[in-house]
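Accompanying notes for the structure given below.
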There are 2 protein chains.
Amino acid sequence: MREKLPPQRERAAAALSARATATRQRILDAAFVEFAEKGLAGARVDEIAARAGANKRMLYAHFGAKEALWLEVLETAYAAKRAEERAVEVADLPPAEAMAKLVAFNLRYVARHPEFLAILHQENLHRAAYLASSARVRALYSPLLESLRAVLARGEAVAIFRAGVDPVQLYVSMLGLSHFHLANRHTLSTIFGTAMDTEAAIAAREAHIIAVVLGYLRP
Amino acid sequence: MREKLPPQRERAAAALSARATATRQRILDAAFVEFAEKGLAGARVDEIAARAGANKRMLYAHFGAKEALWLEVLETAYAAKRAEERAVEVADLPPAEAMAKLVAFNLRYVARHPEFLAILHQENLHRAAYLASSARVRALYSPLLESLRAVLARGEAVAIFRAGVDPVQLYVSMLGLSHFHLANRHTLSTIFGTAMDTEAAIAAREAHIIAVVLGYLRP
DNA sequence: GCGGCAGGTAACCGTTCAGTTACCTCAGGG
DNA sequence: CCCTGAGGTAACTGAACGGTTACCTGCCGC
């Protein structure tokens with residue numbers, strides 16, 4: 001009766017034993033890697049189980065279906081990013097420095113977690129169908145966007161930034177400037193013949209996108 | 001002997017009949033749609049054949065394998081973009097207007113062809129393995145990058161643009177500003193609750209990214 | 001007007017995959 | 001110490017998939 005019979009989200013209650021929790025976590029981690037590497041359709045359930053040092057029985061006991069596991073991975077990926085965002089403190093910094101920190105954070109985050117990009121793109125391929133079904137993620141409003149709004153207002157107030165900047169547009173721009181370089185690092189480096197994910201390339205990119213954002217924001 | 005036996009790229013010579021060419025083209029078009037919608041792993045060969053109003057026999061006769069068809073689609077997608085880029089004429093425009101036109105072109109192109117983004121991301125998921133094997137695409141250097149270099153130099157010469165801007169970085173930024181908004185339109189609109197692919201949203205985005213690029217370029 | 005063959009059809013094949021079942025193991029409470 | 005059931009194993013299943021084969025058709029040169 002515990003598992004699956006009620007089609008609702010399983011095991012909200014029913015605290016798991018330490019061993020079970022560990023197995024569940026290993027499966028989730030393995031799924032994250034496999035999905036990021038091969039996408040939802042390309043990922044293999046057997047491979048996930050093998051990577052996790054578990055097997056399919058346990059995978060299905062914990063998650064019920066490949067797609068449910070995908071949703072869990074997606075939620076985890078978003079939650080992890082939001083959690084790191086929450087740790088970015090910019091309220092004490094002068095506006096320009098604060099803005100630079102926000103921009104750099106995004107670039108560095110995706111450089112550290114390129115799998116996040118892969119998951120995100122896959123989900124967009126599915127027209128965000130799984131994301132749409134996740135109340136949990138939709139409730140996870142970006143702390144970064146809020147910080148950006150505040151910094152923008154502060155900078156505008158002291159006339160360091162131009163007036164009338166739309167925070168959402170700027171937020172999307174900030175993400176775009178960071179993501180594209182890394183999301184397309186393989187095609188870019190094939191075409192330009194230079195690696196995009198070395199520390200040097202990332203540092204150069206960081207300097208550039210900070211210059212773009214701050215250059216734009218000048219009054 | 002005609003097909004497949006030599007493992008080289010098939011049918012370079014051997015002009016096809018009009019009917020065969022048409023079938024081949026229909027299969028290619030159908031594959032483009034199917035691959036863009038579901039990715040390489042998610043796409044179904046039967047579905048491609050059905051969409052094309054053909055069948056698998058012909059698909060395999062013309063392309064030999066699903067992956068070879070993918071490569072063909074990828075090459076076609078790149079070639080199509082490069083061809084449209086070649087038609088963008090900016091040499092006669094003042095630097096700022098020329099730059100705005102280049103930026104707008106990219107946004108409008110991906111808005112018109114969101115499938116291009118899907119193909120591009122899939123290829124990056126595969127670490128550009130297929131692209132790497134395509135001498136044809138690697139030879140297709142972007143005319144847009146060349147235009148951008150020229151415009152940048154012109155603007156710098158008359159002190160309308162700041163000095164020392166790296167054209168490749170700016171090119172990547174231009175693409176990032178355009179692509180992200182549309183590549184992630186489904187997750188973005190799920191999270192923000194507003195559609196990203198309406199004409200109004202695209203026009204607003206266009207105005208913003210032009211402002212960002214030109215704002216940055218001010219000396 | 002007919003023989004050959006490029007172009008097309010559809011049934012088929014072996015493999016792979018998501019998901020299931022039958023069974024084992026072993027910790028812990030009675 | 002043995003019984004119970006949660007946690008785990010591995011073999012299995014039916015369907016779907018990529019790719020192939022055996023066969024049909026109608027156009028074109030002769």
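Throughout, protein chains are lettered first and strands after them, A, B, ... in sequence-line order, and every chain is numbered starting at 1.
- A salt bridge links A:Glu146 to A:Arg149: one of the charged nitrogens lies within less than 4.0 Å of a carboxylate oxygen.
- Residue-to-nucleotide proximity on DNA chain C shows that, of B:Gly53 and A:Ala65, the 5′-proximal contact is made by B:Gly53.
- Between B:Thr23 and the phosphate of C:dG7, there is no side-chain N or O to OP1/OP2 separation shorter than 4.0 Å.
- Between A:Tyr130 and A:His126, the ring planes lie perpendicular to each other; the angle is over 60°, past the 30° to 60° tilted range.
- In this structure, CE of A:Met58 is placed 13 Å from C1' of C:dC23, rounded to the nearest angstrom.
- At whole-Å resolution of the value, OH in B:Tyr60 and P in D:dT21 are 13 Å apart.
- A:Asn55 has no side-chain polar atom (N or O) that falls below the 4.0 Å cut-off from OP1 or OP2 of D:dA10.
- Partners of B:Glu199 according to the side-chain contact (heavy atoms from CB on, under 4.5 Å) rule, which considers only residues two or more places apart in sequence or in another chain, are B:Arg108, B:Ala203.
- B:Arg82 is linked by a side-chain contact (heavy atoms from CB on, under 4.5 Å) to A:Ile191, B:Tyr78, B:Glu85, B:Arg86, B:Leu140, B:Ser142, B:Pro143, B:Tyr171, counting only residues two or more places apart in sequence or in another chain.
- In this structure, the NE2 atom of A:His62 is 6 Å from the P atom of D:dG8, given to the nearest Å.
- Taking the six-membered ring for Trp and thresholds of 30 and 60 degrees, A:His121 and B:His121 have nearly parallel ring planes, at less than 30 degrees apart.
- Across the protein-nucleic acid pair, B:Asp46 atom CG and C:dT9 atom C1' stand 14 Å apart, rounded to whole Å.
- Here D:dC17 presents its P atom at 10 Å from CD of B:Glu47, a figure rounded to the nearest Å.
- Within a heavy-atom distance below 4.0 Å of DNA chain D, the residues of residues 26-45 of chain B found are B:Ala43, B:Arg44, B:Val45.
- One can place NZ of B:Lys66 at 14 Å from P of D:dT20, the figure rounded to the nearest angstrom.
- Within a 6.0 Å sphere centred on CZ of B:Arg51, other residues, nucleotides and ligands contribute more than 12 heavy atoms.
- Distance, A:Leu59 CG to C:dC17 P: 15 Å, rounded to whole Å.
- Residues A:Leu28 and A:Thr76 have side chains in contact (heavy-atom distance under 4.5 Å, counting atoms from C-beta outward).
- Applying the 3.5 Å distance criterion, the base of C:dA18 shares a donor-acceptor pair with the side chain of A:Lys56.
- The nearest whole Å value for the distance from the CD1 atom in A:Ile48 to the C1' atom in C:dG19 is 13 Å.
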